[in-house]
Amino acid sequence: EGDVAAAEGEEEEGEGGVQEGATSPAQGEGAAAAAPAQAVVSEEDRWKMPEDFFYEPDAPELVVQLEENELPREAVSPLRFLGFDFQRHYNLLWVSPEEFAYISGHVITFVNVVTGQRRNLHGRDNGGVGAIAMSPEGSYFAVAERSTSAQPNVYIYTFKNMKLYRILRKGTLKGYASVQFSPHNKSHLAALGCAPDYLLTVWDWRNERLLLKCKAYGQDVFSIRWGQFPGMLTTVGTGHIRFWKMALTFTGLKLQGDIGKFGATELSDIIGFVELPDGKIVTGTEYGRLLLWEGVFVKVELMRGSAEDPRKVECLPHSAAIEVIMLDTEEGCMVSGGDDGFLRWWPVEDTDEAEADYDLGILEYGITMKKEVRLPPVGEDYDGFAPAHIHHVARNQDNTLWLIQDNRNGVIWRYEKETGTCGLLVQSHSGPVTGAALLAPYPGLMISTGIDGTLRAYNASAEQDQELFADRRADAGITCLVPAPAANDPDRRTLSCGYSDGTLRVLVVCQNGFVLAQALKPHTCPVKQIAYTVDGQLMASLGADNTIFFFQVKTLEEHLLPLGFVQMPCQVNHFAWHDDTDRILLALEDGTILEFMPPNPEDIDNSESYAIELDYRSIQPEIPEEEEEDDEEEEHEKDDARSLSMQAAEAEVPIPMVANAGWLPSDRRRRCQQRRGHHGAHADGNGPRLRTRRDHRLWDEIGSCRLPGGGHRDRHQECPGESPTTAGLAERSHCCHMRRGPGGPNQSTRRRLA
């Protein structure tokens, strides 16, 4: 990369440029080099920032602009953040020998693996944190964020005290997907933007200076990584891998990217990749193969060889997608991790010797598997856990402790390489959290549900995160959670859960776990909502197919007794029980509300069918609309109308109007915008035309206007009881462009009629 010596005066669109610090021999001799050298120094001084500069917390550019009715962040003091975003790529980062970090929404959590203590760093932009990175020497910490209202920034902190040191601005439109410090130049940082621009930027971050910028790809890009040689970068993403080089041209330093060509190999998304010592790159695929790249082409498809003859292809390296590939220099192997739950070691020397048989058109080449580790380990301690989906692996500096991100079970596994032992470090929902409840009689006990099918209990009063127990069901996810009312369960330990397959399960919280009390399947689709009446006599569940199923609530052993269901013809967004009458209100998508009488269990006969009929009434609330204009704006309209009326009277040109504007919707005001027509007399029929916001045409031509009944009236015809000069002052306001002037109706002016 070289030292930065000068910057171009202006950036070309799509890329930035710098010139490296090498000088020609002519510049190094004589007094002729004095002027260019002086120019170089002054240019660097213009960009250079003081090394001891830090941003103060109350700096104007750091003050958050609050939206209407939004509370400042200082109004709420969060105590703890539970959970882990397992769907995020590369969401584990070692920041010290004993501490690692991960992103959870707007917060970065730092965890000490020895003491278990946690600390948090809040993001500054309003879209959450996109990516994080640690400088090679461990002194600076970069946070690349996302924003929903403005361009996001990359914030760089001093790691020791987390003081804001630098801000990198205007590198992408909506958010960052990846960021990494350069291991070759301590002042360089690469950042990768996400949709919609997917911009790749290289920064002189110490001086907040954008060096290079260009579009990385046209689809999702997951990661950017510096190569082992200076000036080399690699990006991977949806259906592609791209190799970048910072090349010095006659106009300065530029980024040149070459897209990898799969050739005869099946196209695949690429998440994990590693660069071998000789510069070749090995990537994983969605279909379990390892691809060896040389230049921009696939050289060999690496397969698993048999134990007797390693060159004989036996099977795929993994039976599912490969998302993790890294080098284990101590073992002399590269390590791959797949969706099948295995970490496997492959000798690097076998990869160096790999050659395809191009004469026969065979790209497959068998290599030896040195060893493998299964996650989770086989044993009773991990009964109920499915094979891990290894999404990411982070290793500490001495390569003794590995943190493995398991997206399927919602677990961060702790793997000690020397002993080969594996244990649980963090447990959470692997997908969206769909429900949470606090049980009042048991302070600190928190229950949460997730779309991954797990029901989890936490002790929120403990100093450290502590999951007490969990109920796992891999066949369906939990979509809603409701505790039973005190009228049915005085101990407040009963929970009703709705599942994505239409099942309702009633569980009881016990000392050592959840006990299933009852299971029913009233729906054939996901359950959207569950609700009890206040007295606890009835319960209703709403399915995604807009069926409302009613239950009579009994004892704990037979908690729910099915009564019947009502099928709704349109989408039901929400329902609620009335506290006093037990009537149920349904909020429909078309804006109406239905009020149903509660079912009487004694009057229902469901021996042949559970379809029942209930009395109901429909309610269409009249919601008043806000006034579009304030009083001051209306006064300006009246003044403009009076002025226009006086000008029309002087020129003796009648103002066209609609005889009766009552055919417009009466619940709102309409503005009509008149489009300019041809210059000349109005009588030629080529005058301006008016349209409402919904394109209701009030005038077809300047010489006539349309009446409510479909007839037309000449523009010079007066309305009953109105004069030509006052005809434009109608009850409803119309915004018009009238043509008139001292010499005739050719000069354009704009007025409003009120």
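Excluded from the calculations below are hydrogen atoms, water molecules and symmetry mates; all remaining heavy atoms, backbone and side chain alike, are included.
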Side chain Arg374, main chain Ala388, donor-acceptor under 3.5 Å: no
Does either side chain, that of His559 or that of Thr494, offer a donor lying less than 3.5 Å from an acceptor on the other one? no
Short side-chain donor-acceptor distance under 3.5 Å, Gln87 and Asp85: no
Taking all atoms of both residues into account, what is the closest heavy-atom pair of Gly384 and Arg472, and its distance? O-CD, 4.1 Å
Less than 6.0 Å separating the ring centroids of His122 and His106? no
Donor-acceptor pair, Asp582 side chain versus Pro598 backbone, under 3.5 Å? no
Gln117, CD: over 12 other non-hydrogen atoms inside 6.0 angstrom: no
Dump the intermediate steps for side chain to side chain contact (heavy atoms under 4.5 Å, CB included) on Leu316 and Tyr287, then the final yes or no. CA-CA 9 Å; Leu316 293 171; Tyr287 40 83; 5.9 Å; no
Just do the side-chain hydrogen bond (donor to acceptor under 3.5 Å, both in side chains) check on Glu323 and His389 with the steps written out, would you? CA-CA 9 Å; Glu323 299 183 358; His389 176 184; 3.2 Å; yes
Which is it for Met539 and Asn488 under the side chain to side chain contact (heavy atoms under 4.5 Å, CB included) test, yes or no, and what are the steps along the way? CA-CA 11 Å; Met539 191 195 81; Asn488 302 104; over 6 Å; no
Could you check if a side-chain atom of Trp94 sits within less than 4.5 angstrom of a side-chain atom of Val113, using non-hydrogen atoms only? yes
For residues Thr109 and Tyr102, determine if any side-chain heavy atom of one lies less than 4.5 Å from a side-chain heavy atom of the other. yes
Kindly assign one of parallel, tilted or perpendicular to the pair Phe549 and Tyr610, based on the angle between their ring planes and the thresholds 30° and 60°. tilted
Full working for side chain to side chain contact (heavy atoms under 4.5 Å, CB included) between Asp545 and Thr524: CA-CA 8 Å; Asp545 59 352; Thr524 58; 4.2 Å; yes
Can you find a pair of side-chain heavy atoms, one from Pro485 and one from Val534, that are under 4.5 Å apart? no
Drop me the distance from Asp452's CG to Ile478's CD1, to the nearest 0.5 angstrom. 7.5 Å
Would one find more than 12 heavy atoms of other residues, nucleotides or ligands at under 6.0 Å from atom CG of Asp475? yes
Donor-acceptor side-chain pairing of Ser223 and His89 below 3.5 angstrom: no
Which heavy atom of Asp269 sits nearest to which heavy atom of Glu286, and what is that distance? N-OE2, 3.0 Å
Check whether any side-chain heavy atom of Phe342 sits under 4.5 Å from a side-chain heavy atom of Met369, and report yes or no. no
Consider only side-chain N and O atoms of Gln529 and His574, and report whether a donor and an acceptor are under 3.5 Å apart. yes
So does Ile271 get a backbone contact from the side chain of Tyr90, meaning a donor-acceptor N/O pair under 3.5 Å? yes
Does atom CD of Gln567 have more than 12 heavy-atom neighbours, drawn from other residues, nucleotides or ligands, at distances under 6.0 Å? yes
Using every non-hydrogen atom in the two residues, find where Ser178 and Ala131 come nearest and quote the distance to one decimal. CA-CB, 3.7 Å
Spacing of His318 atom NE2 and Glu372 atom CD [to the nearest 0.5 Å]: 9.0 Å
Which residues pass the salt bridge (charged side-chain N to carboxylate O under 4.0 Å, His left out) test with Arg119, sequence neighbours left out? Glu99
By salt bridge (charged side-chain N to carboxylate O under 4.0 Å, His left out), which residues pair with Glu558, not counting sequence neighbours? none
Residues Asp339, Arg408: salt bridge by 4.0 Å N-O rule: yes
Using a distance-only test with no angle check, is there a side-chain donor-acceptor pair under 3.5 angstrom linking Ser500 and Thr479? no
In the structure I gave you, are the side-chain heavy atoms of Val566 and Met568 within less than 4.5 Å of one another anywhere? yes
Just checking, is any N or O donor in the side chain of Ser149 or Asn126 under 3.5 Å from an acceptor N or O on the other one? yes
Measure from the side-chain N and O atoms of Asp125 to the backbone N and O of Ser147, and report whether any donor-acceptor pair falls under 3.5 Å. no
Which word best sums up how the rings of Phe84 and Phe86 line up, parallel for under 30°, tilted for 30 to 60°, or perpendicular for over 60°? tilted
pair Thr172-Tyr198: side-chain heavy atoms closer than 4.5 Å: no
Would you call Ser430 and Asn407 a side-chain contact if the rule is heavy atoms closer than 4.5 Å? no
Under 3.5 Å, side chain of Asp340 to main-chain N/O of Ala320, donor-acceptor pair present? no
When rounded to the nearest 0.5 angstrom, what distance separates CG in Asp220 from CG in Leu192? 10.0 Å
Can you tell me if Asp471 uses its side chain to pair, donor with acceptor, with the backbone of Arg473 under 3.5 Å? no
How close do Leu375 and Cys422 get, counting heavy atoms only, and between which atoms? CD2-SG, 3.2 Å
Quick check: does any side chain N or O of Arg493 sit under 3.5 Å from a backbone N or O of Val509, one acting as donor and the other as acceptor? yes
Determine yes or no for a side-chain-to-main-chain donor-acceptor pair under 3.5 angstrom, with Gln427 supplying the side chain and Glu467 the backbone. no
Run the salt bridge (charged side-chain N to carboxylate O under 4.0 Å, His left out) test against Asp489 and tell me which residues pass, sequence neighbours left out. none
Any donor-acceptor pair under 3.5 Å linking the side chain of Arg505 with the backbone of Leu516? no
Closest non-hydrogen atom pair between Pro522 and Gly502, with its separation: CD-O, 3.3 Å
Once you round to the nearest 0.5 Å, how far does CZ of Arg304 lie from CG of Leu290? 12.0 Å
Using 0.5 Å steps for rounding, measure from the CZ atom of Phe550 to the OG1 atom of Thr533. 11.0 Å
Please examine the side chains of Asp406 and Ile390, heavy atoms only from C-beta on, and report whether any two atoms are closer than 4.5 Å. no
Rounded to the nearest 0.5 Å, what's the gap from CZ on Phe514 to CZ on Arg456? Could you check? 10.0 Å
For Leu343 and Ile404, run side chain to side chain contact (heavy atoms under 4.5 Å, CB included): C-alpha distance rounded to whole Å, both residues' side-chain angles, the deciding distance at 0.1 Å, then the answer. CA-CA 10 Å; Leu343 288 173; Ile404 303 171; 3.7 Å; yes
Looking at His392 and Leu92, would you say the former's side chain and the latter's main chain have a donor-acceptor pair under 3.5 Å? yes
Closest heavy-atom pair and its distance - Val221, Val236: CG1-O, 3.3 Å
